[in-house]
Amino acid sequence: MLDMETPLRSSRLTNSSIASPNCISPPLSSCSSRLWRPAAQRNIKNQWSKLLMSKDRWVSATSEGRLHATELVNTYLKRRYLPEMNLGVLTEIPGIREKAYDKLAHKQDLCRCKLISSYKDMVAAVNDLGKASCSMRCYLKGSSSDPIIQYCDHQEDPSDSGDGGGIPVFCCLSISIMEDLARELVNMFERELSLKRFLVIGLLSINGVEDGRKDVLDWSNELYLGEFDELRCIGMLKQDSFYTVFPQIKDYQSSNPLNRTTIKSPNHNTLEVHLATWISDLNINMHRVKEIFSVVEEEMRAKLS
Amino acid sequence: MTVMLKKLQQKYARVKDEMVRWDELQSQMLSQFGNGASIINRLQVLNVDKNYDALEVLPGIKETLLGKQIETLEMIFISLTELMKEFHRIVLSLDKIARDANQLLREATPYQMQLCVGTQPSLQQCLDGLNTFHKMHKSEFLLKSSILSSLMLKYFKCSADDVATLRQLLVDQPNIPKDEVQTIFDIILPKVADDGLTGR
């Protein structure tokens, strides 16, 4: 789990008290906690609404991606079996097979673009999830001797951990528990994003393998311009080696897939397994996701929207 | 007599409502069954190692994928079971309608039972129709429930053909022949009475 965190994000985390339970920040005076609370509550509500929106964005991006992936696969199979297909009376039309072949190739290109754009949406959704999960804390703005107490989202005083001294924000959950819940969500989606990336690469390369082209994609390729920057933000790019974290299923250990993402014999069955993997969201436990959101809603006594 | 007939014909309006509901459930059942069928067919493909191709580099893929698909299938089974409960409720309701009608006609003489006036049906025909509807739906319910239970118990052994056959049986509803249903309604609710009902 930890190897998925970037150095960047983990450093952000070690600042907080949850990383080391021993260093709990001194409890705020009752006056400042009275003022801190409403500000923190507003922020928490905002961040959880963002988490929910990003989750929904993910869900629609994956289901669109599923449609494009399915269409891509179907077009590929049609194109592949076109030479043996019995065209009946149409056989007499000159160049019919070639034309059909070109049309299907064109359609396949379109599907590839659409699949990449769905993937891009998924990356953006996970990016937003990650950002919201790291913005739960509410820090004191300016010095505490200022006549007007204000709060902000970044740490100004190193002794201020932004969690109100660990007091519950609403009724029982402290900031660090809220962060744990958010991180649990983010971890699931990050893993799934990596798995989807693996599938996208495989699906994008299916006809390249047939044509014996050399330019088939592998794990180290950038799928669209700026992908690596976004993955770096999420923490899915290992900065030193310039490698995106390896795809994995739940807690099973896996290794660098390198160029083993290509589907060696793309046929009806292997492609069906790929599509089934796409729809199954193997790393996301949807019951748990729902549960987390409902725990938070219950805590806030409000519906997230 | 006429009052009696009116009452019985009103019962047919309730039967009609129940049958409309039955059709709704039937289409829900077919769509759920279709979802289940595609998972069952997929399970065969997912069971073969070589179909994983590139995905083989991911440890745990087969177990997890099969697990997830079976979990989804079980959810579908649960909702099918819920639908069966609804079907059963309709069977019970049709049973009650028929029994109430029987109760209502306890005092009628054989002559009254057989009497036909104009295009109106006899009381006996009304009673028989209600009993027939109950029997049809009860047998169909039993058929559906045995189809589903055999699927739920043996889905991992079912071939695509087996599943398709079961589906066809569900679609056909052999115990509720459409023309026979229509004939009964035509007899019991000749045009005049039909208008009266729709105007209700």
Side-chain angles (χ1 to χ4, degrees), chain A residues 66 70 73 188 191-192 194-206 208-209 216-219 245-288 290, chain B residues 28 30-82 151-152 154-167:
Chain A
R66 171 201 181 173
T70 312
V73 163
M188 287 193 241
R191 268 190 197 173
E192 189 57 27
S194 183
L195 178 59
K196 293 282 198 284
R197 182 172 196 270
F198 184 92
L199 295 172
V200 170
I201 295 178
L203 291 172
L204 289 180
S205 318
I206 33 179
V209 184
V216 287
L217 292 164
D218 69 43
W219 189 247
V245 288
F246 312 146
Q248 77 180 94
I249 309 283
K250 295 184 170 172
D251 288 329
Y252 289 94
Q253 283 301 316
S254 50
S255 50
N256 192 342
L258 292 168
N259 54 1
R260 289 181 292 165
T261 50
T262 39
I263 307 169
K264 290 178 285 293
S265 46
N267 57 44
H268 195 278
N269 288 346
T270 54
L271 293 172
E272 175 155 18
V273 175
H274 275 71
L275 292 178
T277 309
W278 185 287
I279 54 177
S280 298
D281 281 336
L282 297 182
N283 289 305
I284 299 179
N285 178 350
M286 270 302 167
H287 302 298
R288 179 65 185 149
K290 276 191 195 131
Chain B
Q28 285 174 30
L30 288 180
S31 99
Q32 289 286 2
F33 191 91
N35 295 338
S38 51
I39 294 183
I40 292 171
N41 295 339
R42 194 180 294 144
L43 286 178
Q44 323 257 338
V45 180
L46 298 183
N47 245 325
V48 180
D49 285 344
K50 79 171 171 35
N51 289 339
Y52 284 77
D53 205 297
L55 289 168
E56 267 178 340
V57 300
L58 303 173
I61 178 97
K62 189 177 168 191
E63 300 86 312
T64 317
L65 192 50
L66 281 171
K68 270 254 179 173
Q69 291 287 312
I70 288 172
E71 195 184 309
T72 317
L73 186 60
E74 276 164 0
M75 299 297 288
I76 293 174
F77 286 163
I78 289 173
S79 61
L80 283 171
T81 314
E82 290 298 314
L151 184 78
M152 290 181 197
K154 293 185 214 143
Y155 67 86
F156 40 86
K157 288 189 210 150
C158 280
S159 70
D161 284 347
D162 295 340
V163 180
T165 311
L166 291 179
R167 193 190 133 80

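Atoms considered below: every heavy atom in the structure, side chains included; atoms not considered: hydrogens, waters and symmetry mates. Numbers restart at 1 for each chain; the letters A, B, ... are given by sequence-line order, proteins then strands.
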Top contributor to chain A interface from B:Val45, B:Val48, B:Leu65, B:Ile39 [non-hydrogen pairs under 4.5 Å]
B:Leu65

Are A:Leu282 and B:Ile61 close enough that some pair of their side-chain heavy atoms sits under 4.5 Å apart?
yes

Could you look at A:Leu271 and say if it's the side chain, the backbone, both or neither that has a heavy atom under 4.5 Å from chain B?
neither

Please check if atom CE in B:Met75 has more than 12 non-hydrogen atoms from other residues, nucleotides or ligands closer than 6.0 Å.
no

Extract the chain B to chain A donor-acceptor pairs under 3.5 Å, no hydrogen or angle test applied.
unit_1  : atom_1 : unit_2   : atom_2 : d
B:Asp53 : OD1    : A:Lys264 : N      : 2.7
B:Asp53 : OD2    : A:Lys264 : N      : 3.4
B:Asp53 : OD2    : A:Ser265 : N      : 2.9
B:Asp53 : OD2    : A:Ser265 : OG     : 3.1
B:Lys68 : NZ     : A:Ser280 : O      : 3.3
B:Lys68 : NZ     : A:Asp281 : O      : 3.0
B:Lys68 : NZ     : A:Ile284 : O      : 2.6
B:Gln69 : NE2    : A:Ser280 : OG     : 2.8

How far apart are the C-alpha atoms of B:Leu58 and A:Phe246, what are their side-chain angles, what is the distance that settles it, and do they pass the side chain to side chain contact (heavy atoms under 4.5 Å, CB included) test?
CA-CA 9 Å; B:Leu58 303 173; A:Phe246 312 146; over 6 Å; no

Residues forming a side-chain contact (heavy atoms from CB on, under 4.5 Å) with B:Met152, sequence neighbours excluded
B:Phe77, B:Leu80, B:Thr81, B:Leu148

Candidate pair B:Leu55 and A:Ile263, rule side chain to side chain contact (heavy atoms under 4.5 Å, CB included), full reasoning:
CA-CA 8 Å; B:Leu55 289 168; A:Ile263 307 169; over 6 Å; no

